Amino acid sequence: MPDNITKTDYAKRREEEMTKKETGSSSDSLLERFKGIIRDAEGLKLEAYKPDPTEEHWTIGFGRYGAEIKEGDTITEETAEEMLDEDVSVRIDSLEELLPEFDTYPDSLKDALFSEHYRGSIADSPKTVKLMLDYDFDEAALEYLRNKEYEQAEEKGIPGIRPRMEKLAEELGKLSAK
């Protein structure tokens with residue numbers, strides 16, 4: 001348990017989150033909040049594109065990436081929204097599995113974590129995840145930015161990655177500072 005959260009506060013927060021989860025209100029609002037974050041961060045592109053020409057696969061919609069997307073593919077806004085619903089739901093589940101105490105984090109950290117997990121970088125940083133699981137948030141913040149993707153973003157022409165990664169590092173640091 002983090003030093004900055006008392007056992008009583010932690011238990012109370014966990015109980016509130018579990019109650020919200022059981023009623024469904026928390027997960028529904030979380031889904032909508034995260035969809036908004038991804039809409040803002042990714043933008044909408046109705047034609048397949050590669051933000052980095054060295055990428056193996058293409059991207060479409062609100063950042064859907066994968067082998068099923070081919071050069072020249074196009075979608076409608078409605079299809080993009082359906083994909084976003086699916087992608088956000090899947091990633092909420094996988095993030096909660098990766099970080100079992102995700103529900104107990106402050107909303108600002110949840111938002112930054114989700115934005116980065118959507119891009120795939122949290123799961124690709126096992127050292128950062130381990131440090132978070134060990135409640136070493138200061139070191140997790142530093143480790144997260146010791147990342148080739150972060151270091152090479154500007155030279156690859158995708159500088160938008162850096163602010164998202166920096167936001168997560170900042171939020172991890174805030175948790176340590178409390």
Side-chain angles (χ1 to χ4, degrees), residues 2-4 30 33-71 73 80 83-84 86-178:
D3 295 334
N4 58 333
L30 198 61
R33 188 171 91 219
F34 287 166
K35 283 170 38 180
I37 288 167
I38 298 309
R39 281 187 198 101
D40 290 344
E42 296 287 338
L44 173 61
K45 295 205 173 44
L46 300 176
E47 187 173 333
Y49 68 100
K50 285 188 176 185
D52 172 1
T54 65
E55 290 284 343
E56 180 179 359
H57 303 296
W58 292 80
T59 302
I60 201 164
F62 294 103
R64 173 162 294 182
Y65 172 83
E68 74 280 6
I69 303 161
K70 307 293 183 211
E71 182 176 9
D73 282 357
M83 290 174 158
L84 183 63
E86 181 181 309
D87 293 345
V88 169
S89 294
V90 165
R91 284 186 181 84
I92 289 172
D93 291 344
S94 66
L95 186 56
E96 289 174 339
E97 187 175 313
L98 185 66
L99 296 167
E101 294 188 17
F102 176 76
D103 286 341
T104 67
Y105 296 151
D107 285 348
S108 58
L109 177 56
K110 287 181 192 176
D111 294 350
L113 274 166
F114 186 81
S115 179
E116 282 302 284
H117 186 59
Y118 191 88
R119 288 189 333 96
S121 59
I122 292 297
D124 290 342
S125 186
K127 287 181 184 178
T128 302
V129 171
K130 179 166 181 355
L131 289 163
M132 290 179 67
L133 293 172
D134 291 342
Y135 301 101
D136 190 349
F137 296 107
D138 280 329
E139 188 57 34
L142 295 171
E143 175 60 34
Y144 191 63
L145 296 181
R146 290 183 199 119
N147 181 310
K148 224 190 259 189
E149 186 180 34
Y150 177 77
E151 294 167 356
Q152 297 175 353
E154 289 194 29
E155 74 183 50
K156 285 187 165 192
I158 46 176
I161 287 172
R162 290 179 65 96
R164 286 169 80 174
M165 294 182 79
E166 289 164 356
K167 179 67 175 169
L168 177 55
E170 175 187 328
E171 291 300 327
L172 288 167
K174 284 181 189 176
L175 193 58
S176 297
K178 288 185 180 182

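Along the sequence shown, the residues carry numbers beginning at 1. Only a predicted model underlies this, so the values are computations on that prediction, with no experimental measurement involved.
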Practice prompt. Verify salt bridge (Lys or Arg N to Asp or Glu O under 4.0 Å) between R119 and E149, making sure each step is shown before the conclusion.
Written response: CA-CA 11 Å; R119 288 189 333 96; E149 186 180 34; 3.0 Å; yes
Discussion item. Between I122 and M132, is the side-chain contact (heavy atoms from CB on, under 4.5 Å) condition met? List the steps.
Written reply: CA-CA 11 Å; I122 292 297; M132 290 179 67; 5.5 Å; no
Worksheet entry | side-chain contact (heavy atoms from CB on, under 4.5 Å) evaluation trace for T59 with I69 | CA-CA 7 Å; T59 302; I69 303 161; 5.8 Å; no
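Y144 and E116 form a side-chain donor-acceptor contact under 3.5 Å, judged by distance and modelled atom types alone. Donor-acceptor pairing under 3.5 Å is recorded for the side chains of Y65 and E55.
Using a 4.0 Å cut-off between charged side-chain N and carboxylate O, K148 and E151 make no salt bridge.
Between S108 and E171, the shortest heavy-atom distance links the atoms OG-OE1, 2.7 Å. Minimum heavy-atom separation, L44 to A80: CD1-CB, 3.5 Å. Heavy-atom minimum distance, A41 versus S115: CB-OG, 4.4 Å. Minimum heavy-atom separation, V88 to I38: CG2-CG1, 4.4 Å. Counting all heavy atoms, side chain and backbone alike, E68 lies closest to D73 at O-OD2, 3.8 Å. The nearest pair of heavy atoms linking E42 to G63 is OE1-CA, 3.6 Å.
The distance from the CG atom of D103 to the CD atom of E96 is 4.5 Å, given to the nearest 0.5 Å. Distance CG/L30 to CD1/I92: 4.5 Å, rounded to 0.5 Å. Expressed to the nearest 0.5 Å, how far OH of Y118 lies from CG of D87 amounts to 4.0 Å. Atoms OG1 and CD, from T54 and Q152 in turn, are 9.0 Å apart once rounded to the nearest 0.5 Å. Atom OG1 of T128 is separated from atom CG of L168 by 8.0 Å, given to the nearest 0.5 angstrom. Atoms CD and NZ, from E139 and K127 in turn, are 10.0 Å apart once rounded to the nearest 0.5 Å.
For the pair R39/L84, a side-chain contact is recorded, criterion being any heavy-atom separation below 4.5 Å from C-beta on. Contact of the K110 side chain with the R33 side chain is registered, since non-hydrogen atoms from C-beta on lie closer than 4.5 Å. Looking at R64 and E86, their side chains come closer than 4.5 Å, going by heavy atoms from C-beta outward. In this structure the side chain of W58 reaches within 4.5 angstrom of the side chain of E71, judged on heavy atoms. Between F114 and D111 the shortest side-chain heavy-atom distance does not fall below 4.5 Å. A 4.5 Å side-chain heavy-atom check between L145 and M165 finds at least one atom pair inside the cut-off.
Listed for the R162 side chain is no donor-acceptor partner under 3.5 Å among the backbone atoms of A153.
Within a 6.0 Å radius of CD in E97, no more than 12 heavy atoms belonging to other residues, nucleotides or ligands are found.
The aromatic rings of F102 and Y105 sit perpendicular to each other, their planes meeting at more than 60°, with 30° as the lower class boundary.
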